[in-house]
> 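Have a look at the structure that comes next, please.
Below, read A as the first sequence line, B as the second, and so on, with proteins coming before strands; counting in each chain starts at 1.
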There are 4 protein chains.
Amino acid sequence: MADETNEAFASKQAVLEAAHHLIRQHGYAGLSMRELARASGLAKGTIYHHFQDKRDIYLHVLERDIQIVCQHVATAAASSEHWKEQLRAIVRAYFQLQRERCVLILASLREAVGMEQQLCQLVRQYRKELLKPIAQVLERGMAQGEVRPIHVEMAVLSLVGMLHSFVLHHMILQELEVDEEAIIDHTLQLFLYGIAQNSTSNGTNLPASSGQSVVDQHP
Amino acid sequence: MADETNEAFASKQAVLEAAHHLIRQHGYAGLSMRELARASGLAKGTIYHHFQDKRDIYLHVLERDIQIVCQHVATAAASSEHWKEQLRAIVRAYFQLQRERCVLILASLREAVGMEQQLCQLVRQYRKELLKPIAQVLERGMAQGEVRPIHVEMAVLSLVGMLHSFVLHHMILQELEVDEEAIIDHTLQLFLYGIAQNSTSNGTNLPASSGQSVVDQHP
Amino acid sequence: MADETNEAFASKQAVLEAAHHLIRQHGYAGLSMRELARASGLAKGTIYHHFQDKRDIYLHVLERDIQIVCQHVATAAASSEHWKEQLRAIVRAYFQLQRERCVLILASLREAVGMEQQLCQLVRQYRKELLKPIAQVLERGMAQGEVRPIHVEMAVLSLVGMLHSFVLHHMILQELEVDEEAIIDHTLQLFLYGIAQNSTSNGTNLPASSGQSVVDQHP
Amino acid sequence: MADETNEAFASKQAVLEAAHHLIRQHGYAGLSMRELARASGLAKGTIYHHFQDKRDIYLHVLERDIQIVCQHVATAAASSEHWKEQLRAIVRAYFQLQRERCVLILASLREAVGMEQQLCQLVRQYRKELLKPIAQVLERGMAQGEVRPIHVEMAVLSLVGMLHSFVLHHMILQELEVDEEAIIDHTLQLFLYGIAQNSTSNGTNLPASSGQSVVDQHP
DNA sequence: AATGAATGAGTCTTCATTCAT
DNA sequence: CATGAATGAAGACTCATTCAT
């Protein structure tokens, strides 16, 4: 790691970056070493100089993606002191990252036969490193008495799921006119207050979005 | 179409069923026609007698899955008259179906190159036929004044996303001891009331799950 | 043969006609029974009801083609009493047939592995039945003293070869504006002047060239 | 192109040579990549390392054949100064080449679906590079007053056609006892007397087509 | 560090052919 | 006479991977 040439490191990064995009488009099974070579600008042999396997590449791509997301989320969490604003910043960061880089770990995981062990470990790491910060924010909210006692892990999972839903749908339907802020608002509001009528949405600094003016209206 | 022999129909169904499981495990690109032949009990050639392509098979599998889910969700929606109970029934049906049959359409969609058109259409159909019933339930709740005015479509998408999150995580981590009811309770409660402290969880017939005793506690 | 149903005969003919065109386009190896079924309007199984093999079909197509050509050539030969006019009629008939029906026997013959025996026999039949009439015309010309003593079979072969050359070239280059009459005129003239008695065969048995008068000209 | 390894070049040549023979025997559609691999001594994958397609291989084989024939014909044309002897040398070279290497371009061309464009171009090249030298010889004869004014291109086409006829027939009938010289003599004699100036075109009822106004004139 | 030639098992798909109906 | 479901070998082509240079 430490004694890597600069060129060697650059080549590795080129491979990982190209692999990321290819996996994102075609999945793991659909990733071709030939295409990867072409996309990364290296010869096929050279790739095997830097990585053991296709498997190895996949694992490294996932790890790199996790790190990137973690970094962004951590940065977002540190952007404010109030837990609600932290949450909003995290949600925004996560949503944007998913749209731009499309972290693969939750999407094309199933098709990895023969590396369930490593993947499982990666997912645990993901859970720990990525979901933990969000969980901590919620726990802070709980500590401040503004969040009712809930199962934090499940809540975080739910929150992330909501976001994924939008990312996926809009990725597939190619509707580019996504109102990002609207989605973030909706998600946060729903997460914080649910849909019940009498959830007294008192004194929050949330935009009083009535939920009407969002995204694509199909009347 | 209508004048299909019974045997021909049975063969087709066998292929679709086997394909469903294989795609679920290995994704679309990872689906091997050789394995499909072995799993379905037919010869390779016979499969091509019933379907045009691997693509064709994939599309039919997706369509079939959508129909199955729609059917179950519709049945669930008809099981009660109160919108909250309808919602709970739908959520349970959807969650169970996802775990058992694992509808593929939202999971392994990206790796489908060359059939974006058809997939897009399928997703729209999925949206219409599957998400509509859920939306109607919410609208009924709104009509009864028990649901605040929200963007219904987005809410439904969010709800479904929460469920997917759990399905995915537990599928990957292979933690079989999932407390299904706990997840359903959590999801419904979160969806209905959010996490805010002062969301007065008034006289609903929801199990007064304090959120503490759920799932697997990792201390 | 004699106790064939009308429908059966029609089916057979349909297969042969379709096969003719397909073989002409794709050759013998490129003839697909599936396509043949589709083109002939019969089911695959039905074809095997009428013919033993793909091989069998090919052989029948060739035989049928030979018969058709023979018939036309015979008719042409009977159209006149003068051998030169007979020859012209034959040449025209042969040329037109080749362009329209494109007799296969001399074109895609090589790729028939495993039926060399039968093909050889067919070619002999072709030679006998088709080239014989032309030979007879030449022999009549010789008998009348208007054709010098040549090797008749070779001459016929040469004549046919000239025609094929044009057919092939124009078929490939797709130059549709072929002046058919011009080609026939050219061929007949070249052929006739070559064999005419009174082509003053000035005692040279060929390359006894009068090389004296060679003046090196720039092209 | 120019910076090819020797080994790579050797492999390519091996493939082309093997492909030539296989295509000659079985035609294009009948050429099996598996057999080609076995015949060329390379693995299937290796062939695809050097060539894009089966199509690509075919095209290269044709091009190579054309070059070989052109080379031989050019050499033959340069062997003498007298046009008749040049013609004889060319005819002999062409005939021998056809029997030994069996240039494919005029034989198995029809079964090439999807590459009509390239084939058409190849045929034009063939025409230009191969038929041109022969045409020039004839033109020299005309310039010397020993050849009557004929349509040169058509004459060349006819000459080549005569030769093909013999090649084909003897190839099919496997009659190995071909008297090569006899065929060459016959062909030259037939052709020469056909075009000789002093073939007193007396009282024939042939249309006095001067041979000028034919087909497509490429001046 | 980097290359590209080489490999053979693998891919999806089509093949000619059979047979119960 | 006709069908279409069924087959397994073969089709062209790609795969991930190795290795001498």
> Separation of B:K12 atom NZ from F:dG4 atom P, in whole Å?
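Taking atom P of F:dG4 as the reference, NZ of B:K12 is at 13 Å.
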
> Kindly say if A:S11 contacts the phosphate of E:dA1, meaning a side-chain N or O under 4.0 Å from OP1 or OP2.
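It does not, given that no N or O in the side chain of A:S11 lies less than 4.0 Å from OP1 or OP2 of E:dA1.
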
> Quick check: on DNA chain F, is the nucleotide nearest A:R55 upstream (toward 5') of the one nearest D:G30, or the reverse? Name the residue that is more 5'.
D:G30

> Set out, in order, the CA-CA distance, both residues' side-chain angles and the distance that settles side chain to side chain contact (heavy atoms under 4.5 Å, CB included) for B:L42 and B:L36, then state yes or no.
CA-CA 8 Å; B:L42 295 180; B:L36 179 54; over 6 Å; no

> Which dot-bracket string fits DNA chain F when only Watson-Crick or G-U wobble pairs with both atom distances under 3.5 Å count, crossing pairs get [ ], and | stands for a partner on a different strand?
.||||||||||||||||||||

> How close or far is atom P of E:dG4 from atom CG of D:N6, stated in whole angstroms?
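Taking atom P of E:dG4 as the reference, CG of D:N6 is at 16 Å.
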
> Between atom CD of C:Q67 and atom CD of C:Q125, what is the distance when rounded to the nearest 0.5 Å?
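Reported to 0.5 Å precision, the distance equals 7.5 Å.
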
> Can you tell me if D:K54 touches the phosphate of F:dA12, counting only side-chain N or O atoms and a distance under 4.0 Å to OP1 or OP2?
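Indeed, a polar side-chain atom of D:K54 lies that close.
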
> If the cut-off is 4.0 Å, is B:Y48 near the phosphate of E:dT13, judged by side-chain N/O to OP1 or OP2?
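For E:dT13, OP1/OP2 do have a side-chain N/O of B:Y48 under 4.0 Å.
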
> Taking all heavy atoms of B:H20 and all of B:V61, pick out the closest pair and write down the distance.
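Looking at all heavy atoms of both residues, the closest pair is CA-CG1, 4.0 Å.
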
> Which is more 5' along DNA chain E, the nucleotide nearest B:D53 or the one nearest C:D53? Just name the residue.
B:D53

> Taking the nucleotide of DNA chain F with the closest heavy atom to each, which residue, D:K44 or C:I47, is nearer the 5' end?
C:I47

> Could you verify whether a donor N or O on one side chain and an acceptor N or O on the other, from B:E17 and B:H21, lie under 3.5 Å apart?
yes

> Between atom CE of D:M115 and atom CD of D:Q121, what is the distance when rounded to the nearest 0.5 Å?
14.0 Å

> Toward the 5' end of DNA chain E, which comes first, B:L31 or D:T46, by nearest nucleotide?
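Between the two, 5'-proximity favours D:T46.
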
> Does a side-chain N or O of D:S32 approach OP1 or OP2 of F:dA10 to a distance below 4.0 Å, or not?
no

> Check the distance between F:dA6's C1' and B:F9's CZ and give it to me in whole angstrom.
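My rounded result for the distance is 19 Å.
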
> Reckon C:H49 has a side-chain N or O less than 4.0 Å from the OP1 or OP2 of F:dA2?
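Checking C:H49 against F:dA2: no side-chain N or O falls below 4.0 Å of OP1 or OP2.
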
> Just wondering, are more than 12 heavy atoms of other shown residues or ligands nearer than 6.0 Å to CD in D:Q13?
yes

> Test D:I23 against D:I57 for side chain to side chain contact (heavy atoms under 4.5 Å, CB included), laying out the working first.
CA-CA 10 Å; D:I23 293 175; D:I57 295 174; 5.5 Å; no

> So which of residues 33-43 of chain A are in contact with DNA chain F, with a heavy-atom cut-off of under 4.0 Å?
A:M33, A:R34

> Report the relative orientation of the aromatic rings in C:F51 and C:H60; use parallel for angles under 30°, tilted for 30 to 60°, perpendicular for over 60°.
perpendicular

> What is the distance from atom NE2 of B:H50 to atom CZ of B:F9, rounded to the nearest 0.5 Å?
11.5 Å

> Once you round it to whole Å, what is the distance between C1' of F:dA16 and CG of A:D56?
14 Å

> Considering just the side-chain nitrogens and oxygens of A:H50, establish if one lies under 4.0 Å of OP1 or OP2 belonging to E:dA2.
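Yes.
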
